[in-house]
*Asks:* 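Here it is, the structure in full.
Atoms within each ligand, like the ligands themselves, are counted from 1 in listed order.
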Amino acid sequence: MNKYDMSADIERVLLSEQDLKEMVSRIGKEICQDYQDSRHPLILVSVLKGSVVFMGDLMRAIDIPCFIDFMSVSSYGAGTTSSGVVKIIKDLDTNVIAGADLLLVEDILDSGKTLCYLKQLLQTRNPASVKICTLLDKPDRRTAPIQADYVGATIPDAFVVGYGLDYAERYRNLPYVGILKPSVYGGE
Ligand code: IMP
Ligand code: MG
């Protein structure tokens with residue numbers, strides 16, 4: 001154990017490395033099945049930064065040709081609830097997405113405000129389709145009219161970190177998903 005033991009801030013492990021591996025492999029198969037006969041190029045769009053770990057594993061679980069791109073938006077400050085304001089920090093590198101199948105890859109669907117906004121924005125660029133793939137889904141917290149097409153796991157309303165998910169930019173490098181101790185973010 002090192003002196004910066006991040007696991008000390010975790011209340012309990014929600015998804016182990018093995019759970020995550022199985023989830024990614026299942027979703028990868030579903031995606032291949034659904035897109036293998038499409039005539040359109042498939043672009044996986046990772047929503048930075050939370051989805052990078054998931055994206056890295058997911059793209060290797062997809063064995064049909066695909067492209068990758070990244071967008072960065074911010075909807076959260078250092079707190080744990082959505083500000084409702086979505087800011088585009090980095091747009092796609094690909095400037096023409098007309099006629100492509102876009103698959104947005106997210107870490108977690110919470111209020112849904114971020115993805116609702118992104119989906120609408122991307123739809124104005126005339127892609128052939130836009131679907132959503134999220135590692136985690138917190139349906140109890142949804143306020144925007146949006147749902148994911150591919151979900152790794154549906155989880156209860158708790159603040160989770162690890163496998164890309166952060167609290168104030170920390171814990172992204174934990175290899176599992178865990179519930180953060182409320183005392184860490186000043187909760188009860
Ligand atoms: P939404 O717009 O409320 O759906 O917010 C989605 C974004 O909020 C995610 O991409 C995460 O960056 C962040 N988020 C929501 N819930 C959590 C959580 O439990 N842990 C870490 N980040 C979260
Ligand atoms: Mg995020």
Side-chain angles (χ1 to χ4, degrees), residues 6-17 19-20 23-24 27 43-59 68-92 102-123 130-188:
M6 291 184 290
S7 65
D9 293 342
I10 302 302
E11 197 164 84
R12 78 184 163 90
V13 175
L14 202 58
L15 298 163
S16 67
E17 290 188 62
D19 295 334
L20 291 162
M23 275 165 43
V24 169
I27 299 176
I43 310 178
L44 306 180
V45 177
S46 161
V47 185
L48 295 171
K49 306 174 202 163
S51 71
V52 284
V53 182
F54 177 41
M55 176 77 161
D57 285 344
L58 182 67
M59 61 188 277
I68 62 166
D69 208 334
F70 297 86
M71 273 187 95
S72 180
V73 297
S74 108
S75 58
Y76 275 56
T80 59
T81 52
S82 183
S83 64
V85 178
V86 180
K87 190 169 87 180
I88 302 272
I89 296 168
K90 183 216 167 290
D91 206 332
L92 296 174
L102 293 189
L103 183 58
L104 301 182
V105 179
E106 249 290 30
D107 52 356
I108 187 163
L109 196 49
D110 187 33
S111 74
K113 286 174 188 162
T114 314
L115 277 185
C116 200
Y117 175 87
L118 260 188
K119 194 174 177 182
Q120 277 171 8
L121 172 80
L122 293 171
Q123 256 154 356
V130 185
K131 282 194 183 183
I132 291 174
C133 172
T134 188
L135 176 73
L136 306 173
D137 190 7
K138 276 194 214 170
D140 295 349
R141 304 244 315 161
R142 197 66 37 77
T143 56
I146 194 141
Q147 62 188 43
D149 301 280
Y150 304 94
V151 176
T154 300
I155 64 163
D157 179 10
F159 198 81
V160 294
V161 293
Y163 197 69
L165 290 118
D166 72 308
Y167 169 65
E169 297 299 327
R170 296 168 62 208
Y171 309 103
R172 293 194 196 274
N173 56 328
L174 279 176
Y176 54 84
V177 172
I179 298 179
L180 191 63
K181 285 182 180 165
S183 57
V184 175
Y185 53 85
E188 71 283 2

*Asks:* So, Ser51 side chain and Val105 main chain: donor-acceptor pair closer than 3.5 Å or not?
*Replies:* yes

*Asks:* Going by the order shown, which atoms of ligand 1 are within less than 4.0 Å of some heavy atom of Asp110?
*Replies:* 1 (P), 3 (O), 4 (O), 5 (O), 15 (C), 16 (N)

*Asks:* Quick check on Gln147: does its CD atom have over 12 non-hydrogen neighbours (other residues, nucleotides or ligands) under 6.0 Å away?
*Replies:* no

*Asks:* Below 3.5 Å, N or O to N or O, backbone or side chain included: is there any such pair between Gly112 and ligand 1?
*Replies:* yes

*Asks:* In Å and rounded to the nearest 0.5 Å, what is the CD1 to CD1 distance from Ile179 to Ile155?
*Replies:* 7.5 Å

*Asks:* Record the part of Arg141 in heavy-atom contact with ligand 1 below 4.0 Å; permitted values are side chain, backbone, both and neither.
*Replies:* neither

*Asks:* Which of the numbered atoms in ligand 1 are under 4.0 angstrom from any heavy atom belonging to Lys113?
*Replies:* 2 (O), 4 (O)

*Asks:* Could you tell me which atoms of ligand 1, counted from 1 in the order shown, lie closer than 4.0 angstrom to a heavy atom of Asp107?
*Replies:* 9 (C), 10 (O), 11 (C), 12 (O)

*Asks:* Below a 4.0 angstrom heavy-atom separation, can you tell me which part of Ala158, side chain or backbone, both or neither, approaches ligand 1?
*Replies:* backbone

*Asks:* Taking salt bridge (charged side-chain N to carboxylate O under 4.0 Å, His left out) as the test, write out the residues that go with Asp140, two or more places apart.
*Replies:* none

*Asks:* So for ligand 1, is Leu165 a polar contact partner (N or O within less than 3.5 Å, distance only)?
*Replies:* no

*Asks:* Below 30° counts as parallel, above 60° as perpendicular, anything between as tilted: where do the rings of Tyr163 and Phe54 land?
*Replies:* tilted

*Asks:* Taking 4.0 angstrom as the limit and counting only heavy atoms of Glu106, give me the atoms of ligand 1 inside it, by number and element.
*Replies:* 10 (O)

*Asks:* Please confirm whether Lys138 comes under 4.0 Å of ligand 1, counting heavy atoms of the residue only.
*Replies:* yes

*Asks:* With the threshold set at under 4.0 angstrom, would you say Asp166 reaches ligand 1 through any of its heavy atoms?
*Replies:* yes

*Asks:* Starting at OH of Tyr117, measure out to CG of Leu122 and round the result to the nearest 0.5 Å.
*Replies:* 10.0 Å

*Asks:* Looking at Thr114, which atoms of ligand 1 are within less than 4.0 Å of one of its heavy atoms?
*Replies:* 1 (P), 2 (O), 5 (O), 6 (C)

*Asks:* Does ligand 1 have any atom that is closer than 4.0 Å to a heavy atom of Ile108?
*Replies:* yes

*Asks:* To the nearest 0.5 Å, what is the distance between CG on Leu58 and CG on Leu103?
*Replies:* 7.5 Å

*Asks:* Between Asp137 and Arg142 (salt bridge meaning N to carboxylate O under 4.0 Å), is one present in this structure?
*Replies:* yes

